[in-house]
Amino acid sequence: MSARDDVLARVRSALGRDPAVPEVPRGYRGADDDTDDRSTRLDQLVDRLEDYRATVLRVDADGIADAVARGLDGAEAVVVPPGLPDAWLPVGPRIIRDDGLDADALDQLDAVVTGATVAVAATGTIVLDGAPDQGRRAITLVPDLHVCVVLADQVVATVPEALATLDATRPQTWISGPSATSDIELDRVEGVHGPRTLVVVLVEGQT
Amino acid sequence: MSIDEDGPFTVGAPLPLAHAPRGVGHLRGDRPFPQAAREALGDTQLRRNIGNATRTIRAKRAAVVDEVDDWEALRDAGAALKANTMARLPELLEQLEDRVTASGGVVHWARDAHEANRIVTDLVRATGEREVVKVKSMATQEIGLNDALADAGIAAWETDLAELIVQLADDLPSHILVPAIHRNRAEIREIFLREMAGVDPALTDEPRQLAMAARTHLRRRFLAAKVGVSGANFAVAETGTLSVVESEGNGRMCLTLPDTLITVMGIEKLVPTWQDLEVFLQLLPRSATGERMNPYTSFWTGVHEGDGPRAFHLVLLDNGRTATLADEVGRPALHCIRCSACLNVCPVYERTGGHAYGSVYPGPIGAVLSPQMTGVEDNASLPFASSLCGACEDACPVKIPIPEILVHLRARHVEEQAAHRRLPTGEAAAMATAAWVMSDPRRFAAAQRAVGAGRLLARDRGGRRSIRTAPWPLSAWTTSRDAPSPPTETFRQWWDRTRGEDRS
């Protein structure tokens, strides 16, 4: 018998003839439950992000490029995903469109600018899923500064709502603040691997 | 097994239990818990470290759990989802395999630690690489993967800060979430100065500096690595999606930069659907690190064109999990999502730390999981390493009834002992005598009268009378406990005296 056959046989044997399959009670707040209004959601998102020590810049649709410039804070070489709108990019830094840069090349760059797919207000989470304005996962991992543009329409209240909007089979990174460790005496230290600075540009109004 | 009209697979006689084998991995200690604990209790530095750490996490966890109005509903759903998953495990595993394969991944099955180690070693060899980077994975610690790879001339670099500390110190993890919790900053600094190549000799013990030293040390490895090895926090049967929940970013490094990714995962880590993650993604971060959400969670499904590894291998691990599944009362131990909330509230763990349990799964969950995976007799002292206070069950996000399972495993141990010994143990003899006495009202009354003699042993202690020392065999009790002094009369004696013949 193959290992597969063996393991499955053991599982079936362990469970016996007719294992009871319990119902799952769904009394918790789900994806369809009434959500808070938009301004509460946005304020909560900002509160959570700042609690994680991410920098938040709130702007309207005309102010994106300026906010990105402020967020980039003098960074000289910036990688962006192939589908990032030109209108979001400030003049000044050298902009490199990602076309499969290797890890060492990414390591030479100072910053990355992306969009996002959805943001969760309750937890201050921003989800990237490889869409054209977000790019592949490596580009938001290696550079030390990540400027992320989030549109107000992309903000949902809870984790269940976020899951309902996402495609499970896309490669996803859920970001809730800069990287951190509490492994040394439980003292939280920020910025171990992954970008040490996260700037979120939250865009309200029409784009 | 036999074929019948209910379908291709039917259970005939149950298969023998396949426990995690001896001689490989880290599921068994070299001493029973009481011995190991006594030594650990004498280490005041350890007790201080663990005490501080667990006290801090308890407070953080309580604060963020308090925020969540539907916490109990989430726990109920989590518990039921896990039980539901276990009950449907065969078809869910097959579905997972099908989805991962359809997405370009390769699924391997490992009956035990030996087989898993062999599979991973062969996969690494096939790439021609002699080193791998690893994301923290309890499953790979459990099977002793790093040792097996080393035997094959392959270096496995731990990248989780705590696992790095443990590796550099040639130590073993003592906590399932914060493996180096038994080390304070001064000790970590010393370890880095001694073992980390190229470290700055002026390194202080400030946590930020230590973390930055680790960052520099590991960054070169990440950027050059060709093979990554990980575990998985969750696997979604419906879609073939895997997930790693982390804080530092080393997971993202190992999951996305190398060409080849090998993930070792216990078969119990499944959830049925993508949407079901909504329960666990809320329960886990708050229970584990006391955060609303951990910094980074990665999801991947097979191989993604132009993004991440070009080869993905999933190794599904049994290693005693099916043996655990076979015990209906003990089975909920498999529901564990490895948050470590139970460790952080346990008064026993807080005082002894994890090494005393002898297994990479220590604390309350370890005391019910390790013995079931290895066979109770190989970890017989663990179910007794508890005061049954029940704090663990209250803290558990998926409501594992740990005290109930502890008592159940104690009974299994006693039955094992009875089955294999020709003479009863002292404890068994005492229990048999007590049963004999209590089965007859006159014998019981006589025993109650005799108990009064115990008052002679009592001494005044802070205004109360208690027995601090008793002769053998009761001395086994009184060396670490005071017993209350027996009263001048028992309830029955008082009743007879005050109510006389009225026994209605």
Side-chain angles (χ1 to χ4, degrees), chain A residues 2-4 6-17 19-31 48 100 103-104 107 122-125 130 136-138 141-142 159-160 163-164 168-169 171-187 189 192-194, chain B residues 9 11 14-15 18 53 56 70 73-74 76-77 80-81 83-84 87-90 109-111 115 161-162 178 180 184-185 188 207-208 210-211 215 223 239 241 247-250 252-253 256-257 274-275 277-278 281-282 292-293 295-301 304 306-308 318 322 325-326:
Chain A
S2 67
R4 179 187 187 277
D6 245 347
V7 173
L8 286 171
R10 288 177 192 170
V11 174
R12 292 188 163 101
S13 169
L15 290 172
R17 249 202 106 78
V21 181
E23 289 262 326
V24 180
R26 307 276 183 176
Y28 55 88
R29 183 170 162 185
R48 300 313 199 221
D104 283 321
D107 198 32
T123 55
T125 302
R136 65 197 168 101
R137 293 170 288 171
L141 174 60
V142 179
V159 168
L163 284 163
T169 61
Q172 294 173 35
T173 308
W174 289 41
I175 300 170
S176 310
S179 82
T181 179
S182 301
D183 278 336
I184 299 172
E185 295 184 357
L186 294 183
D187 201 319
V189 172
V192 192
H193 314 290
Chain B
F9 291 109
V11 181
L15 296 174
T56 308
D70 53 354
L74 284 166
D76 287 336
L81 264 170
N84 178 292
R88 296 163 48 208
L89 199 57
W109 299 71
R111 282 166 277 223
E115 191 158 31
L161 177 57
V178 196
N184 66 18
R185 63 182 71 183
I188 294 168
R208 175 156 197 82
L210 294 170
R215 179 188 169 100
L223 300 183
T239 59
T241 303
S247 297
E248 295 170 36
N250 60 308
R252 294 176 65 188
M253 290 285 185
T256 59
L257 296 184
W274 172 250
Q275 196 64 36
L277 285 174
E278 67 192 1
L281 290 177
Q282 295 189 74
R292 297 188 184 103
M293 186 63 79
Y296 299 133
T297 301
S298 298
F299 296 98
W300 75 99
T301 306
H304 296 285
D307 183 345
D318 180 353
T322 52
L325 191 62

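Naming: A, B, ... by sequence-line order, numbering from 1 per chain.
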Heavy-atom closest contact ([X] atom, [Y] atom, distance):
| X | Y | result |
| --- | --- | --- |
| A:Ser13 | B:Leu15 | OG-N, 2.8 Å |
| B:Ala87 | A:Ala20 | CB-O, 3.3 Å |
| A:Arg10 | B:Ala18 | CZ-CB, 3.3 Å |
| A:Asp6 | B:Arg111 | OD2-NH1, 2.6 Å |
| B:Gln275 | A:Ala31 | NE2-CB, 4.1 Å |

With a 4.5 angstrom heavy-atom cut-off, is it the side chain or the backbone of [X] that approaches chain A, or both, or neither?
| X | result |
| --- | --- |
| B:Glu115 | side chain |
| B:Asp318 | side chain |
| B:Leu257 | side chain |

Would you give the length of the straight line joining atom [atom1] of [X] to atom [atom2] of [Y], rounded to the nearest 0.5 angstrom?
| X | Y | atom1 | atom2 | value |
| --- | --- | --- | --- | --- |
| A:Leu163 | B:Leu281 | CG | CG | 6.0 Å |
| B:Leu89 | A:Leu15 | CG | CG | 7.0 Å |
| B:Leu223 | A:Asp107 | CG | CG | 5.0 Å |

What residue, out of [options], has the most heavy-atom pairs lying under 4.5 Å from chain A?
| options | result |
| --- | --- |
| B:Ile188, B:Thr256, B:Leu325 | B:Leu325 |
| B:Ala180, B:Ala110, B:Ala211, B:Pro90 | B:Pro90 |
| B:Met253, B:Arg252, B:Arg208 | B:Arg252 |
| B:Ser298, B:Pro207, B:Ala83 | B:Pro207 |

Check whether any side-chain N or O of [X] sits under 3.5 Å from a backbone N or O of [Y] as a donor-acceptor pair, and report yes or no.
| X | Y | result |
| --- | --- | --- |
| B:Thr239 | A:Ala168 | no |
| A:Arg137 | B:Asp307 | yes |
| B:Asn84 | A:Val21 | no |

Name all residues meeting the side chain to side chain donor-acceptor pair (under 3.5 Å) criterion together with B:Trp300; count only those two or more places apart in sequence or in a different chain, and write none if there are none.
none

Considering only heavy atoms, which portion of A:Arg26 lies under 4.5 Å from any heavy atom of chain B: side chain, backbone, both, or neither?
side chain

Heavy-atom pairs under 4.5 Å with chain B: which of A:Gly27, A:Pro25, A:Pro19, A:Gly100 has the most?
A:Pro25

Tell me, out of A:Ser176, A:Ala103, A:Gly177, A:Gly194, who's got the most heavy-atom pairs with chain B below 4.5 Å.
A:Ser176

Donor on one side chain, acceptor on other, B:Gln282 and A:Tyr28, under 3.5 Å:
no

Restricting to side-chain contact (heavy atoms from CB on, under 4.5 Å), what partner residues turn up for B:Thr301, sequence neighbours left out?
A:Thr169, B:Ser103, B:Thr241, B:His304

Taking the side chain as every heavy atom from C-beta outward, state whether A:Val159 and B:Arg292 have any pair of such atoms under 4.5 Å apart.
no

